[in-house]
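The structure appears right after this line, and notes come after that.
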Protein chains: 2
Amino acid sequence: MNMSEFSNVVELSSYTLRYYEKIGLLKHVQRNSSGHRVYSNKDIDWVSFIKRLKDTGMRLEEIKKYASLRDLGAQTVSDRQELLEKHREHLVEHIREQNEHLQALDVKIGLYKSRKVA
Amino acid sequence: MNMSEFSNVVELSSYTLRYYEKIGLLKHVQRNSSGHRVYSNKDIDWVSFIKRLKDTGMRLEEIKKYASLRDLGAQTVSDRQELLEKHREHLVEHIREQNEHLQALDVKIGLYKSRKVA
DNA sequence: GCTTGACTTAGAGTTAGCTCTAACTTGTAA
DNA sequence: TTACAAGTTAGAGCTAACTCTAAGTCAAGC
């Protein structure tokens, strides 16, 4: 899979994909004889997971930490598990807060609906 | 209420509060005889609402739009209601996505727990 | 063979939202 | 009354995460 195809599949610009490689988030991307990148299905999986972590508020630096652990192989399994479990707790708290904000917003909109707001 | 007191109450640095004023998000802040800012309870309410909108992903530019409508008075009530209702839809969608991410994360963590991940 | 367009790199530029610095003025406690 | 903490401004600097530019290489179609 070449750059434009991969870019379409994962819905990230070629700029972003090269940037992810530059900062070490995306490693071991294969190249063809003329130096062009060749992406695999594993790359799709990994970039999709990066996007998920990013969308749930994880910094690229932290995602890089996870990536580095992955690179170190089987002996980092529990470290990675711990990292994901901590992130899970952040996510649960975030969802809780957002629901709280939603309730408050509904109260505010209720005031507008009943014209109790000038 | 002076700057340091207000800063403590709303949990924003004095830098941030002056910045919000500079970009027009926070208007009509009173001053005492020597030019120092004097904040009111209404300022607490407004800054708290700014924080809520910001925490739910609204850009400061968009919050400024809401603020400007508010400044124009009663004839903008339905515009403001519409703006908040649109934001509510974004928030609902965001919460939906975050719950989806949580489920996927739980699947991943489950793999780690059962050591199905190397 | 020639053009066109996708690829490559290094490095510069952009954006949002702060965060800080410098230089100065004012308020307060000893 | 003197120190020093806290306030003021304009404007520079910072960080994360891109986004783009310039200059060059290479493959495919006419």
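Just so it is clear, the values below take in all heavy atoms, side chains as well, and ignore hydrogens, waters and symmetry mates. Everything quoted here is computed from the prediction, not taken from an experiment. Proteins get letters first, then strands, A, B, ... in listed order; numbering begins at 1 in each.
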Hits for side-chain hydrogen bond (donor to acceptor under 3.5 Å, both in side chains) against B/Ser48, two or more places apart or cross-chain, chain-then-number order -> none
Contacts of type ring-ring contact (aromatic ring centres under 6.0 Å, His included), residue A/Tyr20, not counting sequence neighbours: none
For B/Glu82, is there an ion pair with B/Lys86 - N to carboxylate O distance below 4.0 angstrom? yes
So for atom CD, which belongs to A/Glu89, do other residues, nucleotides or ligands contribute more than 12 heavy atoms lying within a distance under 6.0 Å? yes
Looking only at atom types and distance, does a side-chain atom of B/Glu62 sit under 3.5 Å from a main-chain N or O of B/Lys54, one as donor and one as acceptor? no
Side-chain N,O (A/Arg31) to OP1/OP2 (D/dC26) below 4.0 Å: no
Please report, rounded to the nearest Å, how far the P atom of C/dA6 is from the CE atom of A/Met1. 18 Å
Return the value, rounded to whole Å, for the distance between atom CZ of A/Arg59 and atom P of D/dT15. 12 Å
Over how many whole Å does the gap from B/Lys64 atom NZ to C/dC18 atom P extend? 14 Å
Expressed as a whole number of angstroms, how long is the span from B/Lys51:NZ to C/dC18:P? 10 Å
In whole angstroms, the gap separating P of D/dG7 from CZ of B/Phe6 amounts to 13 Å
Return the residues of residues 10-26 of chain A meeting this criterion: a heavy atom under 4.0 Å from some atom of DNA chain C. Order them by number, or give none. A/Arg18, A/Lys22
Find out if a path of hydrophobic residues (ILVMFWY) with successive side-chain heavy-atom gaps under 4.5 Å connects A/Val92 to B/Ile109. yes
Detail all sub-3.5 Å separations between protein N/O atoms and N/O atoms belonging to nucleotides 24-27 of chain C.
unit_1 : atom_1 : unit_2  : atom_2 : d
C/dT26 : O3'    : B/Ser34 : OG     : 3.2
C/dG27 : OP1    : B/Ser34 : OG     : 2.5

Any B/Arg37 side-chain nitrogen or oxygen under 4.0 Å from OP1 or OP2 of D/dT8: yes
Specify the separation, in whole Å, of atom CG of A/Asn2 and atom P of C/dA6. 10 Å
Write down the distance between CG (B/Leu53) and P (C/dA16), rounded to a whole number of angstrom. 18 Å
B/Asp45, B/Val47, B/Thr16, B/Ile50 screened by side chain to side chain contact (heavy atoms under 4.5 Å, CB included) with B/Val10, the one that passes: B/Val47
Relative to each other, are the rings of B/His90 and B/His87 parallel, tilted or perpendicular (30° and 60° limits)? perpendicular
Distances under 3.5 Å between protein N/O atoms and the N/O atoms of nucleotides 28-30 of chain D, please, pair by pair.
none

Taking NZ, NE, NH1 and NH2 as the nitrogens, is one of them in B/Arg88 or B/Glu85 under 4.0 Å from a carboxylate oxygen of the other? no
Could you pull out all residues at least two apart from B/Val29 that satisfy side-chain contact (heavy atoms from CB on, under 4.5 Å)? B/Glu21, B/Leu26, B/Arg37, B/Tyr39
What I want to check is whether the side chains of A/Ser40 and A/Asp43 have a donor and an acceptor closer together than 3.5 Å. yes
